[in-house]
Amino acid sequence: MRPVFVLALLCLPQLAVADEAVSGDTAWMLTATALVLFMTLPGLALFYAGLVRAKNVLSVLMQCFAIAAVVSILWVIAGYSLSFTEGSGPFIGGFSRIMLSGMTIDSVRGSMPESVFVMFQMTFAIITPALIVGGFAERMRFSAMLVFISLWLMLVYVPVTYWVWGGGWLAQMGFRDFAGGAVVHINAGIGALIAAIVLGKRRGFPTTPMPPHNLPMTVTGAGMLWVGWFGFNAGSALAADNAAGMAMLVTHLGAAAGCVAWMSMEWLRFGKPSVLGIVTGMVAGLGTITPASGYVGPAGALVIGLSAGIVCFWATMLVKRTLKIDDSLDVMPVHGVGGILGLIMIAFLSSTLGGLGLDEGVTMGQQFVIQMIGISATIAWCGVMSYLLLKLIDLVIGLRVDEDQETEGLDIVLHEERGYNL
Amino acid sequence: MRPVFVLALLCLPQLAVADEAVSGDTAWMLTATALVLFMTLPGLALFYAGLVRAKNVLSVLMQCFAIAAVVSILWVIAGYSLSFTEGSGPFIGGFSRIMLSGMTIDSVRGSMPESVFVMFQMTFAIITPALIVGGFAERMRFSAMLVFISLWLMLVYVPVTYWVWGGGWLAQMGFRDFAGGAVVHINAGIGALIAAIVLGKRRGFPTTPMPPHNLPMTVTGAGMLWVGWFGFNAGSALAADNAAGMAMLVTHLGAAAGCVAWMSMEWLRFGKPSVLGIVTGMVAGLGTITPASGYVGPAGALVIGLSAGIVCFWATMLVKRTLKIDDSLDVMPVHGVGGILGLIMIAFLSSTLGGLGLDEGVTMGQQFVIQMIGISATIAWCGVMSYLLLKLIDLVIGLRVDEDQETEGLDIVLHEERGYNL
Amino acid sequence: MRPVFVLALLCLPQLAVADEAVSGDTAWMLTATALVLFMTLPGLALFYAGLVRAKNVLSVLMQCFAIAAVVSILWVIAGYSLSFTEGSGPFIGGFSRIMLSGMTIDSVRGSMPESVFVMFQMTFAIITPALIVGGFAERMRFSAMLVFISLWLMLVYVPVTYWVWGGGWLAQMGFRDFAGGAVVHINAGIGALIAAIVLGKRRGFPTTPMPPHNLPMTVTGAGMLWVGWFGFNAGSALAADNAAGMAMLVTHLGAAAGCVAWMSMEWLRFGKPSVLGIVTGMVAGLGTITPASGYVGPAGALVIGLSAGIVCFWATMLVKRTLKIDDSLDVMPVHGVGGILGLIMIAFLSSTLGGLGLDEGVTMGQQFVIQMIGISATIAWCGVMSYLLLKLIDLVIGLRVDEDQETEGLDIVLHEERGYNL
Amino acid sequence: MKLVTAIIKPFRLDDVRNALSEVGVSGMTVTEVKGFGRQRGHTELYRGAEYVVDFLPKSKIEIAVAYDMVEQAIEAIINAARTGKVGDGKVFVTAIEQALRIRTGEFGDNAL
Amino acid sequence: MKLVTAIIKPFRLDDVRNALSEVGVSGMTVTEVKGFGRQRGHTELYRGAEYVVDFLPKSKIEIAVAYDMVEQAIEAIINAARTGKVGDGKVFVTAIEQALRIRTGEFGDNAL
Amino acid sequence: MKLVTAIIKPFRLDDVRNALSEVGVSGMTVTEVKGFGRQRGHTELYRGAEYVVDFLPKSKIEIAVAYDMVEQAIEAIINAARTGKVGDGKVFVTAIEQALRIRTGEFGDNAL
Ligand SMILES: Nc1ncnc2c1ncn2[C@@H]1O[C@H](COP(=O)(O)OP(=O)(O)O)[C@@H](O)[C@H]1O
Ligand SMILES: Nc1ncnc2c1ncn2[C@@H]1O[C@H](COP(=O)(O)OP(=O)(O)O)[C@@H](O)[C@H]1O
Ligand SMILES: Nc1ncnc2c1ncn2[C@@H]1O[C@H](COP(=O)(O)OP(=O)(O)O)[C@@H](O)[C@H]1O
């Protein structure tokens, strides 16, 4: 069996050229790449677009599409190189793959063509900023959004990726984040939270009701996310092997348990379970199992999924009802809190309940400390940088549409289109 | 080439650990698993949800999601073990994998990690009860639904799976059901028919028209089902080999021929072909080719698809118009009848029209008898158990919402949500 | 590494039986087949259906479904054989696989089972005529459509496929069309353009506005097309190898650059970018990179994508505003022009900007001439044949619904169904 | 001529239409409206955000009838629309000064 | 002031609006309604379950006009809406007792 | 009794409903309509095909009130609906000759 911590190994560039691509692994990684892109387009785009009001449906879809396009180009220009090639230090990668220079059709990384590794990682770089859209939905200017996301990608996503997966200081410390609890979910959650705070509430929040305009659309997106997440987590094994199989199994169980937990919380607390609740529990379960999906066993996955459903449920209540922060589509309480929770539980479930073991000589307590360092560093860096970026952009070009435009809706105002002519 | 009857071989536990996973086979089975989950979420959920009235759209989506979550958990707790490990007799499997105990990351089944086999089969265990939703749509209480499906899974789906695929009495007898004519389609069809009868008609059926509220949604789901079905049938070869390729080809031809046949029937009988007709023909073709997809050749597949379109068309007329049973989304006439038809045609098309052959020394007549035994046993067991379960649940907690609630719609009444705010 | 020009090799029948299928390659090709079918159903169907008026939504979905069904059957009867088996000359293939005769479960083509190759190519034969639907949307009779598409498949698609991929005269000349610039996109674009001209404008075009009835549906389809296109182009490598990886990478970059270019054109010209614009740019980028996706490097892909966005943008303006041709969903300016552009750029980007090289001893200028010959031949053959077929069908059974029917909408008139009952 | 406007529960629409046909009213125009009144709306809940929906779906039926048909029409509507539960709706009668059939230009009672 | 209410075929709406603008009617309110009348509806068929749709989509136009404009407005509507086929619709005229413009508080004919 | 019909901007609906409740109007019927008037519509652009949308979404509120409530109701509507920008809408008053509550058969002011 191949080792679980393949990502770390892949960072050693000398290995990269030696190998030949294995067709089975390549087949799976091509598929996994397609699945992760599918999570964003159309998965997440629909999930989010269904939750906003009809007058803003296109603005959300547009943001997801534009992010996918712009991030892809930035990724090949510099993002990949700075994330995944050896840098001069522990904080940022090197320049050897700027514009993918030096990568030929024969380049191999691990057991797959390097082109596939570039693509697979690109899909992660796409979905992370796309998740942030939920924080500033229904009020941000499109141009400001493009500028913010581009800078955020290079200044937040890329360095954190290098720290965790590119051989940077967190990787060296033994920080465990299999498929992106810190890199993807904390980053997205904190980015969204800061955006929600800096932009301020939507007009009328929280007194005016803003019910989802199309829940079947949201559920459609949710189904796609569940399926696509197999590529996300089982793809993070970087091979079609037993580690991938186990990652898929625990991922699925995390989702299922998250569904059941959130549904039960609603049933207990409000008397009725809702479809928005069950899909939110699913996302919480998936986000929470993500960092742990290469380390825990099936029983651990059930524990993680159930905890995710309960903890994220309360976090949502807290942010929305108590703090009254308009993180409009609940990115922080679901993804951010889920990511944190999952990263913490790794310490305790890697070597219990059928987990696959901690590193030789590392105790639960030690791992817990390492995990807390990684979590804190990600929150701090992402929080500070997101705040500075948003404030800067607000000064220079302005973040929000004006009141009348917000009332009329972003679709007409920013894109001169309407979602529906039924 | 690997043998076609791999499932039967996989039941011998001693083989399971000996092998190593093959990366190509694992890659395909990971993909096939994602495809089959995709069939339910969002495929089948959308297919069904588009067919009900707008006030019940969420209830259907909710049922599919909740079934996916609950079945997944039940499957790892006990369903898998009782279905696919050696039992003490021919009727039910054993306890060696309860809570997946004894399965490690290194466990292999056939040429794939056992975790992948568990997951692949789980997706079948999810879609079968989800199909039943069509029988009791728009009137069943959500809590009663959860109880029914959970018990039905363990008391109907699990034993029949063991009989057919787990090495039970039907497998030993030589019963041929490649990807689930009896296990999936007859079980679902009979379960839905009994539910429709026990719950009774929807208020107003059949005098009040209840047209689909969103046919594009249904067609979207249909497209997903077609694509996902490749995972279902070609995945049932349990490897990325020639058998899988042939299974995909015949599956596709079954679907195409089913489309053409149903469309033609409508054209002849009503003067106009309809989009609901063509997608129903597709499902009929797919359901019917399912059990046969590992045994017949392309010409046989066309025969099966055409027969499916014609026979299921008439079956739908019979159930709806003549018998006036409110099997609301026509699960029995399409899936149940299709499954029966396909299982029967196996006897005649396995060794003709390019079929891959019957077992050594078995004649068409003998195979026909075996097939009839398998069909009858499944119908009988599923029919009786479904009836008893439903009656019991009706007594204890009640199956249906009351009249006013049915008029108001399940979305508001059971879930406090509305599908659309356009 | 396997050679890039595998398709050409596969045409030598003697090779076909010698090999054994490789599980990794088979796994990827099974997946790629599913992805390409997914592009049509539901991808393209939704993309197109969202763009028409609500009263015609089902007619478009129906056309896509019916095309998928009918083409599949024609493909196994004769299409595959005439496209991909050795013929008596350079213009049309042979009869050795009529009704797939002689193909057994053990047949292998390249490194995959022949059944998979048949299926993979079938999905191309499905999507090409389905693309034409955009040219005659909202006014063509369903029966005339079926007749036209069936004849068009056999008389246009099949011969051109043989010329380019089946070992015919263009293949022999060294014409480069990796995944279907001529076979798929020019054919579809010209077919649609001729259909638009022969059928004439929709009532009210261009004075009456005919805005898309459901843009989220179109965006959903667009996301599916993007993901599915990975199967289309990376699948055209016919193996899970480095060529496939590079094809996926350049495909993705073509799409991303197309998005950015079209968005920028709209921003510059109209002051606001639109979601329909960005997804149209995506399709333009994908269509244009398609023929080149096995030859160019990442930088070349960016150039292609950006050119596609700009050129196809202006082409759309030209056809719609200047020429006032009602190619209703812009098939010619997006697919046709994109295909031509991509085929031309192959000559210049195969050996520059990281391209994978021209054939030994071929200069850019020579390749350019070859490409122009292939483009011209496809346009001429497809144009003339499409025109003759349509005129003939118009004479015999009539192409268009009458004025009142067009006003009422095709869904009710042709299919007795309505899309929405919200 | 009078215009009889009835606001009713949507699921009674088919019954009302049939009842009207029986008394000889052969034309009507129906609008989907949202009603606010004594009948309590429902609560919707989205991730813990509560949303009280006061407006309920109703159908508004408008029929132009000759004077002598007003009573029968109202009778028919009331009988067919009544469920006896709050929210059954209202009937309003207003005067029409002139009516025309677009197709023929006929006017007055002949236009109906 | 009078309220002129016209029920027309939806695809004539743009023509009617233009015709009204030409005679000087610059404001109107349009509602999508379902009409029942002499014009036959269509049949829908879902997996063999037949469903006769009697209600047809119509557009209802409401315009408040001063007394002296009523004739011209009706004329304009009729000419623009007529196709000569059954189902072209009706025009009804009723009295408005008072009209107000919300923005300015103007009333009477000035409010229009 | 009078029928007070107000055409307002949709996002003022909740305010208007509250204002009406405060003055004691406890029932109303709301229709989503499209309005055409002085307020300019917007342009939509689809792949270069321009489309000027003249019709703007409006909400039409209908309330049947007793004579003595008309003034207050109008006042309440105007205050709550006014934004001061063009397109705020209109209020029309017409006469109701008879009103009935379907559930009870009550009529006149009691039916409201
Ligand atoms: N004063 C009113 N003006 C206009 N419509 C009204 C008025 N009062 C009630 N309605 C309409 O009648 C419907 C039913 O009224 P409601 O008070 O709920 O029940 P009931 O008719 O049984 O008294 C409301 O939903 C509303 O559409
Ligand atoms: N008595 C009526 N009251 C209100 N609306 C009516 C009445 N009769 C007809 N209508 C409306 O006018 C439309 C056209 O009427 P119909 O009888 O079909 O054709 P025509 O106007 O040509 O006689 C109907 O669909 C309906 O909306
Ligand atoms: N003559 C009219 N008849 C009926 N409705 C009208 C009339 N004029 C305006 N309206 C309605 O009132 C709305 C607002 O009118 P508009 O002229 O845009 O602004 P304002 O009310 O501020 O003068 C319109 O959208 C339309 O729905």
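Order of the sequence lines fixes the chain letters, A, B, ..., with proteins taken first and strands second; residue numbering starts at 1 for each chain. Here the structure is a predicted model, which is why all the values come from computation and not from measurement. Computation of the quantities below employed the complete heavy-atom set of this structure, encompassing side-chain atoms and omitting hydrogens, waters and symmetry-equivalent molecules.
The closest side-chain heavy-atom distance from F:Gln98 to D:Phe92 is not below 4.5 Å.
Note: D:Thr5 OG1 to F:Glu62 CD = 7.5 Å, rounded to the nearest 0.5 Å. In this structure, the separation between CZ on F:Arg103 and NZ on D:Lys9 is 8.5 Å, given to the nearest 0.5 Å. In this structure, D:Thr94 OG1 and F:Glu97 CD are separated by 7.0 Å, a value rounded to the nearest 0.5 Å. In this structure, D:Lys60 NZ and F:Thr29 OG1 are separated by 7.5 Å, a value rounded to the nearest 0.5 Å. Considering CE of F:Met28 and CD1 of D:Ile7, their distance stands at 12.0 Å, rounded to 0.5 Å.
For a residue to count as touching a neighbouring chain, one of its non-hydrogen atoms must lie under 4.5 Å from one of that chain's; by this rule D:Lys2 touches chain F with the side chain only. When heavy atoms are compared at a cutoff of 4.5 Å, D:Lys58 does not approach chain F at all. For D:Phe55, the part lying near chain F is the side chain, with the backbone staying farther off; criterion is any non-hydrogen pair under 4.5 Å. Contacts of D:Leu3 with chain F are absent, with no heavy-atom separation under 4.5 Å from either backbone or side chain. Heavy atoms closer than 4.5 Å to chain D are found in the side chain of F:Ser21, but not in its backbone. Contact annotation for F:Ile61: neither backbone nor side-chain heavy atoms come within less than 4.5 Å of a heavy atom of chain D. For D:Glu32, the part lying under 4.5 angstrom from a heavy atom of chain F is the backbone only. Neither the backbone nor the side chain of D:Val70 comes within less than 4.5 Å of any heavy atom in chain F.
Tested against F:Leu100 for a side-chain contact (heavy atoms from CB on, under 4.5 Å), the candidates D:Val4, D:Ile78, D:Ile77, D:Val93 yield a single pass: D:Ile78.
Annotation for F:Leu112 and D:Arg38: closest pair O-NH2, 3.4 Å, computed over non-hydrogen atoms.
Although no hydrogens or angles enter the test, the distance criterion places a donor-acceptor pair under 3.5 Å between the side chain of D:Arg82 and the main chain of F:Ile102.
Counting heavy atoms of neighbouring residues, nucleotides and ligands inside a 6.0 Å radius, atom CD of F:Glu71 does not exceed 12 of them. Atom OH of F:Tyr51 has more than 12 heavy atoms from other residues, nucleotides or ligands within 6.0 Å.
For the set D:Gly89, D:Ala81, D:Gly84, D:Gly35, the count of heavy-atom pairs under 4.5 angstrom toward chain F peaks at D:Gly89.
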